[in-house]
Amino acid sequence: MRMKLFLGVALAPLAFAGAAFAQDAETDGPVTAVEDVIVTGQPALRNRTDDTVPTLSYDLDYFQRFEPLTVGDALKRVPSVAFLSDVLESDGVRLRGLDPGYTKILIDGEEVPGGGVDRSFFVDRIPAELIERVEVVRSSSANRSGDAVAGTINIVLRDALSLDGGYVRLGAIAFPDSDYGQFGGTYGAVWGGQVGPGRLLVGANVQDRRNPKDKYSIRYDEPGGPIVNTEVQTDVRDGTDYAFNAAYEVEVGGGVLDVAGVFVRTDRFQDEDSIEYRGGIENNANLLTVNDNDLDIQTDNLSLRAGYERDMFGGETEFKIAYATFDDEQYEFESESEYLRDANPFPEEDRFTLDSTTVDISESELKGGIEHEIDLSNGVELEFGFQANRKERDSLVAETPRIRFNVPNAPAPRPAVPAFGAFVPVAGGDSSIEETRFDPYVMISGENGAFTWEAGLRYETTDVTVVDRTAAPALQTTENDYAELLPSFSARITVSDTDRIIFSAARTVRRPNFDRLTPALLEEEFGDSDFRGNPNLQPETSVGFDLGFERRLGRRGIAGVNVFWREIDNLIEEVNTGVVGSAGPGTFIYTVDNVGDGSVYGIEFDLSTPLDFIGMDSTGVFLNYSWLDSSIRDFIGTRRFNDQSEYVLNFGFTQDIPTWGAAFGATYRKQGDAFGRVLAEEVATSYGPDLEIFFEKQISSNIVVRLTGSNLLDSSKDEVFDKFDSVDDQRNRDYDEYELETEAAGPVYQLVMRLAF
């Protein structure tokens, strides 16, 4: 039986950095017992993997001391990972600053549905407690899905060999600057051990999540003009995550059977309340509107997988099957009271409006594959196989007819609010998409002294069927198919005992967004102009390379620098059909097509090392900085890829005090400005810095208490919106509206105790 151990993570939440540390991400050995895990002692560092493809590997103990609630919170410390989320949110990974659709998210090496129209997976849906390590795979290999233009994030969950014993996690979360639920809790437990002929791991986790923040907007007719109105808004997101995972591994029939599953439920309530004032004068005499927007969300993620591996046919064969589902149900309610539609100010209400919307998205994937490896002569290995994937996505977005009525002046009675009517699908809101893939591949790899290499070919075939039940005049079904040949090559050259060079080149793809495939007409989608999807879109394709240098520092430290380039062709961009839009002359119907190309490039540096070379064995420092850039030509001119941050910076330290059984540390993060331009709207985004600290104390041999603080600098997100009625107005800078918006949130504190048993 082949057994794998990821040292220092056997009891990941308690192996704060002092467990036996391995530079390699994967080592053969026995299962680690809980009582053998050292609570404090050595800094947690990045792993130095032996993968030929450039891969950064981070065990959970690299993140765990700062008590991330989600995988997204953990990934904030990884090179080149950016987010364009609200403050305190880390959902869609923007690897190398690119749109989340350019990054492939895997769980245990398998694709998972995420519900996003760009095929992205929100990593804040996975509690950090479930993970064993995170891998950032910078390039592509033939044995993995090729839709990873920016790279791949592989979230590896604990398996049945992770630990022998268990732990309990109890914690409290405080939001001192919030008037909306100032406290929450976090609870979890994991156990692993021998059950019957195999090994079992089970875990459960419940954690409260709250994100209270304030927003403030100032709107003008144009830059430099007088203030039209201001908006004061509170946005409170309150929810609970529930997670359960299990894994079992056993010898069967001369091979190893491995089965695993994870279920995560997110219950969330979002309450946005806003008040608008005329001319920036914020008093009752200038009150314009009072708005209440509530959103209920329940999201379920289920992932099941099984693999059977055994020696046969002169090599090693593995059979895989996996099933994953994503279900997202939302109900949104919005009410608005308007004032100053006549000469009478507040409290004289003039008009009342009610809207309600439901969203029901169900996505499932059934995957299977067979892989076979054969050892050839002189250290050369041949791997080949196929992977099949069937994705089904059903979307239903419906709304009730708007309720709107004028309110007579007092003392006349206010009209009664009527009941909502029946929900009716919005244009393009009732659709189904079926996507079937069959991807054979072959890969050969070898090692010759200091030179390690792999080369492969992957042929991805895709058949797509789009059904739109709202497209006029009746149901519309469109079928499309395409195929892409994806070569890849990677090499690692060991220059010395401390230095090595890693090179990779690969062709990758990005499949079209789901919302760009449905052919329904969306009126006034871009300013006053309409939009219609294109079910015949082909994927974007990319050819890119990575060239990196890595040096070992002392016994355990690592420093690396990497240069990357992606040339992306067949870009999917908006185009004008020339057909007059629903709003009449001067407006048009836009669609999307494969036009143009672009380039993405940058330099990535990372450092992770103890200061043992100056006698400070218990001090660890880490630093990563990524400079990111790109170029694309759109309908106006040249710009960067939309919303790509200019840089990502992380640095910090950890300090262990073994004689006290204690440790402390801090991390600082800053993300560069981003700019995006689409039809009739442009937005520039900037973020403030983020500071996090921790302090931990070992109470006994099996109990640790940790205090963490995040967002200690009250980070803000600032956006500048340029809005136009048409593309011609956008070119001529004839504004419809110019808006400045800022949102900010206060600090979050956690007090967590972990008890091993």
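Throughout, residue positions are numbered sequentially from 1 according to the sequence presented.
One finds a salt bridge joining E129 and R754 here, because a Lys/Arg side-chain nitrogen approaches an Asp/Glu carboxylate oxygen to under 4.0 Å. Salt-bridge check for D300 with R265: passed, with a basic side-chain N closer than 4.0 Å to an acidic carboxylate O. Ion pairing between R199 and D159 fails under the 4.0 Å rule for side-chain N and carboxylate O. Between R138 and D51 there is no salt bridge, since no side-chain nitrogen of the basic residue lies less than 4.0 Å from a carboxylate oxygen of the acidic one. Ion pair R119/E363 not flagged as a salt bridge, since none of the NZ, NE, NH1 or NH2 atoms sits closer than 4.0 Å to an Asp/Glu carboxylate oxygen.
Taking the six-membered ring for Trp, F695 and F664 have ring centres at least 6.0 Å apart. Between F66 and F694, the ring centre distance stays below 6.0 Å.
Considering every non-hydrogen atom in both S715 and G688, the closest pair reads OG-O, 3.1 Å. Between D118 and P100 the shortest heavy-atom distance is OD2-CB, 3.7 Å.
With D238 as the partner, the salt bridge (Lys or Arg N to Asp or Glu O under 4.0 Å) test is satisfied by one option alone out of R209, R268, R210: R210. The residue from K670, R77, K76, R669 that alone fulfils the salt bridge (Lys or Arg N to Asp or Glu O under 4.0 Å) condition with D690 is K76. For the side-chain contact (heavy atoms from CB on, under 4.5 Å) test with I107, the passing option among N154, N301, I153, I126 is I126; the others fail.
In this structure, F63 and Y58 have tilted ring planes: the angle between them lies in the 30° to 60° band.
For S80 and S626, the side-chain atoms include at least one donor-acceptor pair closer than 3.5 Å.
Proximity of a side-chain donor or acceptor of N711 to a complementary backbone N or O of A745 within less than 3.5 Å is detected.
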